[in-house]
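Here's the structure, in structure tokens; my notes come after.
Just so it is clear, the structure is predicted and the values come from calculations on it, not from any experiment.
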Amino acid sequence: MGGAFELIDYIVFVCYVLIIVSIGLWVSRTKKGVQKTSQDYFLANRSLKWWAIGASLIAANISAEHFIAMSGSGYRIGLGIAAYEWIAAIVLIIVGKYFLPLFLDKGIYTMPQFIENRYNKSVSVAFAVFWLLVYVFVNLTSVAWLGALAINRIMGIPVMWGIVGLAAFSALYSIYGGLKAVAWTDVVQVVFLIGGGLVTTILGLYAVSGGEGVFQGLAVIYEKATYPHFNMIIPQDTIVPDGAGGTTDAFGDLPGLAVILGAMWLVNLGYWGFNQFIIQKGLAAENIQHAKKGLIFAGYLKILIPVIVILPGITAYVLFQHPEILRDSGYVGEIERADEAYPWLLKNIVPAGIRGLTFAALVAAIVSSLSAMINSASTIFTMDIYKSFVKKDASERELVLVGRIVAFTALVIAVFSARPLLGGLDQAFQYIQEYTGYIYPGVVVVFGMGLFWKQATARAALWTAIATIPAGIVIKLLFPEMPFILRMGYVFILLALLATVLSLTDRSLAPGKPVADSRIRFMVNAGYGFVIAGVITFLLGILFIRRYAHLGFEAVFMMASAFGFVGMIFLLNAKMTKVDPKAFEVKPELFRTGRAFNLGAAGIILIVGLLYYFFW
């Protein structure tokens, strides 16, 4: 079955491209004589429904990082890499209930704008620069490179031309239309993405079963895949191939219990709660209820993602570990590096016609992510740098023009940076997670205390932001063999301590509005509850750290610190009379959720719990 594209595949793919570009340009139209405003361009005029928000979140999130890099990690390590997806599903509940309502209440465009409103412009600029660098040199480059790598493996197109082609496709509608074009095309993209991805998974399982069906295919890969391919918790000294002819310890990427006790939560809270190109979809919601429901919808889609990106990687692993399955199959090509697993499957087990559809799913994932990232980069630069420092009285027309220029420039820089940054890596997904991991501990501390802690000051936020990357580098130099997820946990502890000391010793604190008596009792009880949970967790860490060191149990100290930090915030908010002058008054009614949200959230938690139970 292996071979190049046939005419029907090209027809299907061209039809997909025409549909996406046509929709993007159609929704970007404005009435004659009506000028597109910055709110329309950057926030889709705050008109997105819950289903558009959920679909756009997933389309922006799922990219070549998943189809190529996460599938590659599935090939080498297995289902354990799904922790990123399943914990994200639970984090989306937290973001929908507690974070996003506060952002919407403030009517902001960007995360740096929130920082400026809560702290000051210096902290805002620091985070604006942070995100611009991450979007251009980590996110955009990785998505473009991995996408072009897939196209090269499937169609033989040179990687550099693939990068240029993907960038041009995403630019066709997103630079002109802004977030409205991105969001509405995402609704269609996610149908291609999930539908085409499921087709590849089903056909792969059908092939590995020898034509006996999907369920038999699942039984075959479960039986034949070596340990730890169907284990979520990976102990130390779990040796897997490294893709370069040697071996590596899978614990370095997924350190046992640390994925559920430690900094995996920081990665997801930082990514889903405070990351502009993700949260921007929620900021564009028609109202707060649509925003909350959209995140629940996205949570269910996240649970499904490992089926369409990790199972194919495991399937490819089984096929190559058992040559008797491949015998007389007509399959072509080899998997020399982990990230080549998904393209190999797409080229070999998907028949003509459907191959064009599944290839469209891959391209949909890549292009939707590129579009979301360049739109968010242009939003941050235009609203937080250009409007704040270059031209404060810029017209709406000028802001939209600057946004388009910045989007184009960011894309060009990413195109020429992709090969130097990513060309020699085996598992690019781990590169992405590790280097964004330098930022997320500080992001979570600064935004978290900015949202909820009245004593958090601008001085504390600024120095926490400045210390974030150096702290990560120092911890890595001191403990080079420590898994990056564990390192992130220790960085979080240091930064939370730094932020606490700097805030409580800041002379800018002033008498504030007293807390209502009706809320004090709840806040005090919640505070003591979290503090007690932190103490118990810390003691458990002391008692069992040696026994379970091979499972990364030391991550429990990060969880203990997080409990203590939250408890301190509750207690000081309730009892301390002095507050930061720019602290927000939190309205409890913003956190109220309806039956649909609550049932949806309960369903996500139940499903994720069962998945961990069965694949522990």
Side-chain angles (χ1 to χ4, degrees), residues 91 94-95 98-99 102-103 111-112 114-120 122-131 134 261-276 279 435-476 484-506 508-509 527 530-531 534 537 555 557-573 579-580 582-584 586:
V91 166
I94 299 171
V95 174
Y98 296 109
F99 297 174
L102 290 172
F103 293 142
M111 291 296 96
F114 167 81
I115 289 293
E116 181 178 351
N117 292 345
R118 174 58 181 86
Y119 296 118
N120 61 29
S122 298
V123 187
S124 172
V125 171
F127 273 95
V129 173
F130 269 176
W131 287 131
V134 169
L261 296 178
M264 187 73 78
W265 294 96
L266 297 181
V267 172
N268 280 293
L269 286 170
Y271 180 89
W272 293 99
F274 311 124
N275 187 346
Q276 178 67 29
I279 204 70
Y435 285 93
T436 54
Y438 281 112
I439 295 176
Y440 283 138
V443 168
V444 172
V445 171
V446 171
F447 277 88
M449 68 182 188
L451 282 169
F452 301 109
W453 189 21
K454 291 184 177 181
Q455 284 76 36
T457 65
R459 182 184 70 163
L462 178 60
W463 282 105
T464 301
I466 292 172
T468 296
I469 293 178
I473 293 172
V474 169
I475 295 293
K476 182 171 184 176
F484 73 92
I485 291 178
L486 290 174
R487 293 202 308 267
M488 284 175 61
Y490 288 115
V491 172
F492 170 81
I493 294 172
L494 292 175
L495 295 179
L497 180 62
L498 174 66
T500 300
V501 171
L502 290 176
S503 289
L504 295 180
T505 58
D506 198 320
S508 66
L509 296 179
F530 275 107
V531 169
T537 306
F557 294 123
M558 193 219 82
M559 180 165 282
S561 300
F563 283 147
F565 191 45
V566 173
M568 178 202 70
I569 288 173
F570 270 110
L571 291 172
L572 292 180
N573 281 348
V579 301
D580 183 75
K582 299 188 75 173
F584 294 143
V586 176

W463 and V501: side-chain contact (heavy atoms from CB on, under 4.5 Å), yes or no, with the steps? CA-CA 11 Å; W463 282 105; V501 171; over 6 Å; no
side-chain contact (heavy atoms from CB on, under 4.5 Å) assessment of N573 paired with V586: CA-CA 11 Å; N573 281 348; V586 176; over 6 Å; no
Could you go through N275 and Y440, starting from their C-alpha distance and side-chain angles, then the distance that decides it, and tell me whether this counts as side-chain contact (heavy atoms from CB on, under 4.5 Å)? CA-CA 10 Å; N275 187 346; Y440 283 138; 3.7 Å; yes
Quick one, F127 with F114, criterion ring pair (Phe, Tyr, Trp, His ring centres under 6.0 Å). Give me CA distance, side-chain angles, the key distance, then yes/no. CA-CA 11 Å; F127 273 95; F114 167 81; over 10 Å; no
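Scanning for side-chain contact (heavy atoms from CB on, under 4.5 Å) contacts around A467 gives L495, L498, with sequence neighbours left out.
A donor-acceptor pair under 3.5 Å is formed between the side chain of N120 and the backbone N or O of V123. When atom types are taken as modelled, the side chain of K476 and the backbone of F484 share no donor-acceptor pair closer than 3.5 angstrom. With hydrogens and angles disregarded, a donor-acceptor distance shorter than 3.5 Å links the side chain of Y119 to the backbone of V446. Side-chain N or O atoms of Q276 include one that pairs as donor or acceptor with a backbone N or O of M111 at under 3.5 Å.
Contact annotation: the side chain of T457 approaches that of L509 to within less than 4.5 Å [non-hydrogen atoms, C-beta and beyond]. Between F103 and L451 there is a side-chain heavy-atom pair separated by less than 4.5 Å. When side chains are defined from C-beta on, F584 counts as touching N117, because their heavy atoms get closer than 4.5 Å.
Taking each heavy atom of T468 and V491 in turn, the nearest pair found is O-CG1, 4.3 Å. Among all heavy-atom pairs drawn from A560 and G534, the shortest one is CB-O, 3.4 Å. Across all non-hydrogen atoms, the minimal contact from A499 to A460 is O-CB, 3.6 Å. For the residue pair A555 and G262, the shortest heavy atom distance occurs at CB-CA, 3.9 Å. Taking each heavy atom of V444 and G270 in turn, the nearest pair found is CG2-N, 3.8 Å. Of all heavy-atom pairs between R118 and G450, the closest is NE-O, 2.9 Å.
Of the inter-residue distances, the one linking I115 atom CD1 with L462 atom CG reads 11.0 Å to the nearest 0.5 angstrom. Summarising the geometry, atom OH belonging to Y490 is positioned 9.5 Å from atom OG belonging to S561; distances are rounded to the nearest 0.5 Å. Expressed to the nearest 0.5 Å, how far CZ of F563 lies from OG1 of T537 amounts to 5.0 Å. Between N268 atom CG and I94 atom CD1 the span is 9.5 Å, to the nearest 0.5 Å. Of the inter-residue distances, the one linking M558 atom CE with W265 atom CH2 reads 9.5 Å to the nearest 0.5 angstrom. Rounding to the nearest 0.5 Å places CE of M449 at 11.5 Å from CD of Q455.
Of the residues I279, V95, V267, the one that meets the side chain to side chain contact (heavy atoms under 4.5 Å, CB included) test with W272 is V95.
Legend: salt bridge (charged side-chain N to carboxylate O under 4.0 Å, His left out) pairs involving residues 454-472, not counting sequence neighbours, sorted by first then second residue: K454-E585, R459-D506.
The aromatic rings of F274 and F447 lie parallel to each other, with less than 30° between the two planes, well short of the 60° mark.
Summarising the local packing, CZ of F452 is surrounded by more than 12 heavy atoms from other residues, nucleotides or ligands at distances under 6.0 Å.
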